[in-house]
> 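Got a structure for you, written out below as structure tokens; questions coming shortly.
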There are 2 protein chains.
Amino acid sequence: MLSERQRMILSAIVDDYIRSAEPVGSRSISKRGDVSFSPATIRNEMADLEELGLLEQPHTSAGRIPSIKGYRYYVDHLIRLGGIGEQDMMKIRAFFAEKMNLWEEVVGHAATILSQLTNYTSIVLGPEMFNTTLKHFQLVPINESSAVAIIVTNTGHVEHRTVSIPEGIGMDDIQKIVNLLNDKLSGVPFIKVKSVLHSEIGEELGRFVDRCEQILDMLEKTLADDAEPKVFLSGATNIMTQPEFKDVDKVKSILDMLEETPKLMQLFQAVPEGIQVRIGTENPVEAINQCSLITATYSYEGQSLGTIGILGPTRMDYGKVISLLDYLSKDMALFMARWYK
Amino acid sequence: MLSERQRMILSAIVDDYIRSAEPVGSRSISKRGDVSFSPATIRNEMADLEELGLLEQPHTSAGRIPSIKGYRYYVDHLIRLGGIGEQDMMKIRAFFAEKMNLWEEVVGHAATILSQLTNYTSIVLGPEMFNTTLKHFQLVPINESSAVAIIVTNTGHVEHRTVSIPEGIGMDDIQKIVNLLNDKLSGVPFIKVKSVLHSEIGEELGRFVDRCEQILDMLEKTLADDAEPKVFLSGATNIMTQPEFKDVDKVKSILDMLEETPKLMQLFQAVPEGIQVRIGTENPVEAINQCSLITATYSYEGQSLGTIGILGPTRMDYGKVISLLDYLSKDMALFMARWYK
DNA sequence: GTTAGCACTCAATTAATGCGAGTGCTAATC
DNA sequence: GATTAGCACTCGCATTAATTGAGTGCTAAC
């Protein structure tokens, strides 16, 4: 579809613009070593590329900048993945060599590293719980009317929640319940816990204690909203170092979006496995229509565990970020595999 | 020290400047109902107030703005606490009426409410753990070499941590350890856990299992960094709505500071009980030398549990925020008292 | 097909100008 | 003696005008 020369020129423009944030003109392209045509020739090609919708002109007497479609073509066909630098690799290695003893810590720390390495904003989701199994359940009474319910998964993830105990249930009842639940629920995948709770345990629980419905109710609620993965953000302010975001209002709408978890989740809706690039208006959230989001999923035994995302300007360094995410998500998967053992 | 008229004028200037963010001139003060002097008279007083260091002039032909010292005088002597509005009170009541089942949820949600009501940034610290006692300890093995250690306090707070189990320790050993620890540590205040661990339990543990040192070590580490309170932020971007923070760089340094927990903690260092106002350079962190921080502590039975802070421009609405914090911190204390029961 | 040449465009920079809010001082007034 | 009207003065800010320069599109020559 595009001639070889057009591809070269488009590539050169995108590269230059990513570096400089300035519209790039025919002369500066011509002066690069890799494209040996006169400015006039390049101008002609640029006009063609603009007609194809791959480039645009901020105003008549300025150079060209890539359009969304231009970035898309670049990412799909022209990008060269150079792999990641020695230093970056060292830092990632050092990170995974660290001893961490909280899952949240791993994911949160990964977000920090990523934002530091890229100088963009990193958003890490995870880990998802639905393919984990229940390992241990515990009810710790705090006073007469409330207790702390604790759930431990096979992955070492802990969720807890204060629950109120229905009146008329004593300590020994609670112990019975806990024992029963541990018996029946150990090893049960998280998604199935709810149905097992009803089908198998309901009747049996009725034998031990009255008011079993209330207890089931409570348990269900306890389990209900643990499904949604947690969000870890880092380097949210990095966007401010970009020259195209010198305007406070633009930045505010982005940061506001990042503070709102539901919007953030929307952003990650339907992210496919592997690496995905969403450029500008390809994103489903208006606030970041001038940004690009690159995501990578990390998984364990074929099951997706979570998602790592880098949010930057549309003019972001796609090659570097994609390489980095590819590398890190694979390392992350390895790390998780070791973690699960 | 200041004449009644000077106090009126200073008060009027601070009030006006807080509203408008513009240097206020003699004429506009004169036109207010409450100060019935001619602009010329007011100008003379303003010159005096400037000499006293309470006002300053951005440039010769501009009005006056309060200096840090001016704000300080205003907060200490002139401020009128109008109490809080009907609507705000309703929202706070509604908030505390909600059923929440995680301590983190309470504190986090309180931060959200506060930032919404004030349109400033809210920072809530807490809850501190050192006057809570240990209620329950549990070790849940995940696989041969690691387990999850869970600690529940009498306040329903849960901390957990993945720990590796020293080799050669079996399931029954673990059960013994857990039982022993629960026996000995239940009801022990958190700060004393460490010493009790050494003095009372060390020897006894030795009887049951070898390698007790390694286990003690692990436990100690588990307890070590739970002391530091968690930080909940909300409305971090609100600062951007202030006209004096239209500059991205100023905003960035503030938001960067907020992202760094250690710096944040430094900000709250040595905050006294009750309500405290820190204006501009009175703050120990440079990034917010153009901001004011108002803090209130909330406590239970005389023991401070945590701190609520509002960060805004020096030109913030001190009266409103102080009233609000006063009200909310008291309600928070009541809520906590009910929580503890 | 490629390129040199040239007229043309238009944002960004700089300089000049006028405006107006506000001051400080002085002299008149209460 | 305190207050105020009057007035010259200052200085930031907004507007306009002039200048610059990077970059284009087109045409004609190579």
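Proteins come first, then strands; the chains are lettered A, B, ... in the order of their sequence lines, and each starts at number 1.
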> Send over the distance from B/Ile65 CD1 to C/dT23 C1', rounded to a whole Å.
16 Å
> Specify the separation, in whole Å, of atom CZ of B/Arg27 and atom P of D/dC7.
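To the nearest whole Å, that distance equals 16 Å.
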> Grab the NE2-C1' distance between B/His59 and C/dT23 for me, whole Å please.
11 Å
> Mind checking the CD-NZ spacing from A/Glu244 to A/Lys250? Nearest 0.5 Å is all I need.
7.5 Å
> In the structure I gave you, are the side-chain heavy atoms of A/Pro243 and A/Arg315 within less than 4.5 Å of one another anywhere?
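Yes, side chains in contact.
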> Heavy atom of residues 30-56 of chain B under 4.0 Å from DNA chain D: which residues?
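Heavy-atom contacts with DNA chain D come from B/Phe37, B/Ser38, B/Ala40, B/Thr41, B/Arg43, B/Asn44.
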> Checking A/Ser28 now: which residues fulfil side chain to side chain contact (heavy atoms under 4.5 Å, CB included) with it, not counting sequence neighbours?
A/Asp16, A/Val24
> When the distance from CD of A/Glu22 to C1' of D/dG21 is rounded to whole Å, what number comes out?
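Going from CD in A/Glu22 over to C1' in D/dG21 covers 14 Å.
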> Would you say the side chain of B/Leu311 lies within less than 4.5 Å of the side chain of B/Leu258, judging by non-hydrogen atoms?
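Side chain of B/Leu258 against side chain of B/Leu311, heavy atoms only: contact under 4.5 Å found.
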> Side chain of B/Ser122, backbone of B/Ala111: donor and acceptor closer than 3.5 Å?
yes
> Compare all side-chain heavy atoms of B/Leu52 with those of B/Tyr73 and state whether any distance is below 4.5 angstrom.
no
> Taking only side-chain N and O atoms of A/Ser61, does any of them lie within less than 4.0 angstrom of OP1 or OP2 on C/dC8?
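Looking at the OP1 and OP2 atoms of C/dC8, neither is under 4.0 Å from any side-chain N or O of A/Ser61.
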> Is there a side-chain contact between B/Thr60 and the phosphate of C/dG24, meaning an N or O under 4.0 Å from OP1 or OP2?
no
